[in-house]
Amino acid sequence: MSQYKPSEIEPKWQAAWDDAGTFTARRDATRPKYYVLEMFPYPSGRIHMGHVRNYTMGDVVARYKAAQGFSVLHPMGWDAFGMPAENAAMATGVHPSTYTYGNIAEMRAQMKPLGLSIDWTREFATCDPEYYGQQQSMFIDMMAAGLVYRKAAVVNWDPVDMTVLANEQVIDGKGWRSNAAVERRELTQWFFKISDYSGELLSALDGLTNWPAKVRLMQANWIGKSRGLQFAFTTTGAPEGFDRLEVYTTRPDTLLGASFAAISPDHPLAKHLERHDPAVAAFVTDCRKGGTTAEALETAEKRGLDTGVRVLHPFDTSVELPVYIANFVLMDYGTGAIFGCPAHDQRDFEFATKYGLPIPLVFVAEGADEAPLSEAYVPMKSEKVRYIRGFTGDTVQTGDTAVTAAIAFCEAAGVGQGVTNYRLRDWGISRQRYWGCPIPVIHCAECGVVPEDKANLPIKLPEDVTFDIPGNPLDRHPTWRNCSCPKCGADARRETDTMDTFVDSSWYYARFTAPHATTPTVAEDAAYWMNVDQYIGGVEHAILHLLYSRFFARAMHKTGHLPATAIEPFNALFTQGMVTHEIYLTRDAAGRPIYHLPEEVTDGKLANGMPVDVIPSAKMSKSKKNVVDPMNIIASFGADTARWFMLSDSPPERDVEWTASGAEATYKHLSRVWALCSRIGEMPGGHVGVDDDAIARATARAVQDVTFGIESFTFNKAIAKLYEFTNILSRSNGSTPAMKTAIRTLAQLMQPMTPHIAESIWSYQGGSGLCANAPWPVADPALLASDTVILPIQINGKRRAEISVPKDMSPAEVEKLVLADDAVIKALGGAVPKKLIVVPGRIVNVVI
RNA sequence: GCCCAAGUGGCGGAACGGUAGACGCAGGGGACUCAAAAUCCUCCGCCUUAACGGGUGUGCGAGUUCGAAUCUCGCCUUGGGCACCA
């Protein structure tokens, strides 16, 4: 072995794996299967360090499980529909399809040099008609199963470009191109009935024990189960047909603190008044300004308009409350109408203060007196409070018991009923865009909305489209919309909405089990490969993508495309952190920031000597120029260095900072391993060393620790142990066979992280076959045991001494030794310790 | 605004409630070299001490415990998500 040259060995081993078909997944009834999946990428055209980190983690698991004897499925595909391709089309005129497939080719070419153990024969893109045609087929099945419907829903409307905008295209309430104030507008759109599964998606979270607790919690909060009271106010002065106003509240115990009622600007009553009252129309129109995000709605200034309508308090009809239209009441949640209890809700408090409404207290802190409030008093529901305007239950009780009692009281009194509500809304999948999966539905004047005949699938996107004017090219295409009704044969029009790209990513994991089948899935393949045993991706997908996938798997089961065992498709989930880098900044004459790429900066200075400001690490982004191109790293140090460094410095779930010094250090380490391998290879066969026993013990410990590190997803610790083992080995004087055995084991332990150098060492040191196919080493328990332990002695919790004792010495004997210790005798000064705590094998604490 | 998470040396990070700082980076000292780079050896939280040692220390403030980076409560800061970015 001459010198460590990654550029020579890496292509060589990649070719060897290819030739041997090492990573082709095969259904094998004789072996247990393991399905590793990383969230598939959007084909932006360039891979970035975040991809390297994500796919390296998955690769470690895939290679480790393969070495453990599993039949591994580790596929790769492309989340290829979406807005960037249309944006590129608008900017440069290139067709979204050309753009996307070009990007895929480039990214694939950049990913292959990483040496990932991917089965590339299963690759597909969601924009392949072969894929989205099967998606259309499932959509039709879901329609038949009652999981799809249409209703009106609001979108961001750009009144200048006359087009629908995505949330990210709305900047400070303005359209990104037109700069016009965005409005909320209602359109009839397609929905999946995810709300049918609200309760199940929530309760099934308990079974996902190998998911991060925080993801489960975020999903639970997102589904947002609440128990409350729904009841109707009787109205006075309301238009005909609005003599009752249904409201929902999670705090019925505060009913006697009500000082107003409020309805959403989108409430039917508001819409009715809008048509008859110019003041209401003006106010409601004003409320519809701005984007549709929850953030925009909730941070907007709270405003209301008194409708003149009054409602009677259900407990005391002599009390009349005004009904406001309020911009912070959401039509999507509950009934779109609330009663305001300003004393115990901050939004209501601000509203009441602004409009001079009374703020009656319902309860005060236990032991406190009634006093005017400067802000809403909102204690935890689990906290006991003293009710001043309670109407049922004890005077002093928790909010929780008061709510339960209030619901029971109201039900008995005939005022409304207890209702379980979910915050989760149905999934709106309509997109008024070109580059997505066409919704396979036809609008017929006679038959109404009719699903396309499955024989006509896939409904392909037309090629001849342009993006020179805003709006959906499908909508203005001269012929694509024209079709005949599958039911009656009359001339009809095709649906021009395409599907949310989250639909594409909600079932790709299932498609990988039979990627080119003529049905969405194949029962035998799905049965063998599902579920995904380990899913890995960014925490930014913790809610939407994962929740939609969980829903879709259930829908696929209901429509016969997945077995019942696959309704929770991801057995284990790991969410990895981002890759960050420092930001380098100078300013121009006008004080505007100019960002500089890392390679332009040396020792805090530009090439011309100008010093840069260093801004602490942030997610790599093109606009901040704090990006490191993995291709450059591979060119200078090799893929093994990039892979190792991405795993080494931080725990996988946390952000990792890319540093040039860290990458260099990794390269130096791999070079040292290479040099060590050379040295061992050149040892005379008969060399006799003195450290063979210690080497065997260190090897066993390394096997144990690295295995544990991989199993527990603490790759940084596995790598620390590999450093330790390498350091021990390079300082050891062992006999030739002992050294060879040890370094072969080192190669095997490194193989999941740095597969190329591992293969080189393995073959050079006489390993048989490919290292990637070698069975994972097992530690000999006898070599892990140790006879004595060092026991620290604490005096009053501070370490003062230590003793070495046999591992299994009884606590009583340890006590004797401790009391005979010089430091302990000195500290006691002849007194008897108050307490003596012996934690066997761990520590001793003497309390004086 | 709402939901979630994270804060430990100069830096990235270790630490079943049990010796805080494994491992790596940066830095100091030394060897090799005419010299430098590379490589190897060695030291390295802070204060104090000639040394042994002592004090102090895990964002801030309380609490539980023989013992808290770890558990509880309250704050501060930073990051992620908020339904049409993927």
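Source: prediction; values computed, not measured. Numbered from 1 within each chain, the chains take letters A, B, ... in sequence-line order. When reading the values below, keep in mind they use all heavy atoms of this one structure, side chains included, and skip hydrogens, waters and symmetry mates.
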Which is true for [X] with a 4.0 Å heavy-atom rule: it touches a base, it touches only sugar-phosphate, or it touches nothing?
| X | value |
| --- | --- |
| T659(A) | nothing |
| E724(A) | sugar-phosphate |
| K834(A) | nothing |
| N796(A) | nothing |
| P651(A) | sugar-phosphate |
| I837(A) | base |
| A542(A) | nothing |
| V155(A) | base |
| G428(A) | sugar-phosphate |
| G82(A) | sugar-phosphate |
| H541(A) | base |
| W222(A) | base |
| E664(A) | nothing |
| Q189(A) | base |

Counting only Watson-Crick or G-U wobble pairs whose two distances fall under 3.5 Å, which nucleotide matches [N]?
| N | result |
| --- | --- |
| G1(B) | C82(B) |
| A20(B) | none |
| A36(B) | none |
| C25(B) | G10(B) |
| C71(B) | G63(B) |
| A15(B) | none |
| U58(B) | none |

Please give the distance between the [atom1] atoms of [N] and [M] as a whole number of Å.
| N | M | atom1 | answer |
| --- | --- | --- | --- |
| U70(B) | A15(B) | P | 15 Å |
| G27(B) | A36(B) | P | 16 Å |
| U39(B) | C25(B) | P | 10 Å |
| G29(B) | G7(B) | C1' | 34 Å |
| U58(B) | G45(B) | C1' | 11 Å |
| C84(B) | A68(B) | C1' | 47 Å |
| U72(B) | A20(B) | P | 22 Å |
| U78(B) | G59(B) | C1' | 11 Å |

Hey, is the main chain of [Y] close enough, under 3.5 Å, to the side chain of [X] for a donor-acceptor pair?
| X | Y | value |
| --- | --- | --- |
| N327(A) | K302(A) | no |
| D426(A) | S195(A) | yes |
| E495(A) | D497(A) | yes |

Problem - N-O pairing of D500(A) and R431(A) below 4.0 Å - result: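 Answer for the salt bridge query: yes.
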
Problem - Cationic N near anionic O, under 4.0 Å, D705(A) to K717(A) - result: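 Salt bridge between D705(A) and K717(A), a charged N being under 4.0 Å from a carboxylate O: no.
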
Exercise for the section: Give me the one residue out of I843(A), I803(A), V844(A) that meets side chain to side chain contact (heavy atoms under 4.5 Å, CB included) with P792(A). Expected result: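 For P792(A), the side chain to side chain contact (heavy atoms under 4.5 Å, CB included) test succeeds with only one of I843(A), I803(A), V844(A), which is I843(A).
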
Problem - Option passing side chain to side chain contact (heavy atoms under 4.5 Å, CB included) with S505(A) (candidates M39(A), H545(A), H541(A)) - result: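 With S505(A) as partner, M39(A), H545(A), H541(A) yield a single side chain to side chain contact (heavy atoms under 4.5 Å, CB included), made by H545(A).
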
Problem - Heavy-atom pair of closest approach, residues T100(A) and P43(A) - result: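 Between these two residues, the closest heavy atoms are CG2-CG, 4.0 Å.
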
Problem - Chi class for G10(B): syn within 90° of 0, otherwise anti - result: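 Anti conformation here, the glycosidic angle of G10(B) being more than 90° from 0.
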
Exercise for the section: Report yes or no: do D161(A) and S178(A) form a side-chain donor-acceptor pair below 3.5 Å? Expected result: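 No, no side-chain donor-acceptor pair sits under 3.5 Å.
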
Handout entry: Range on RNA chain B touched by chain A, heavy atoms, distance below 4.0 Å
Key =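 That gives a stretch of G1(B) to A86(B).
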
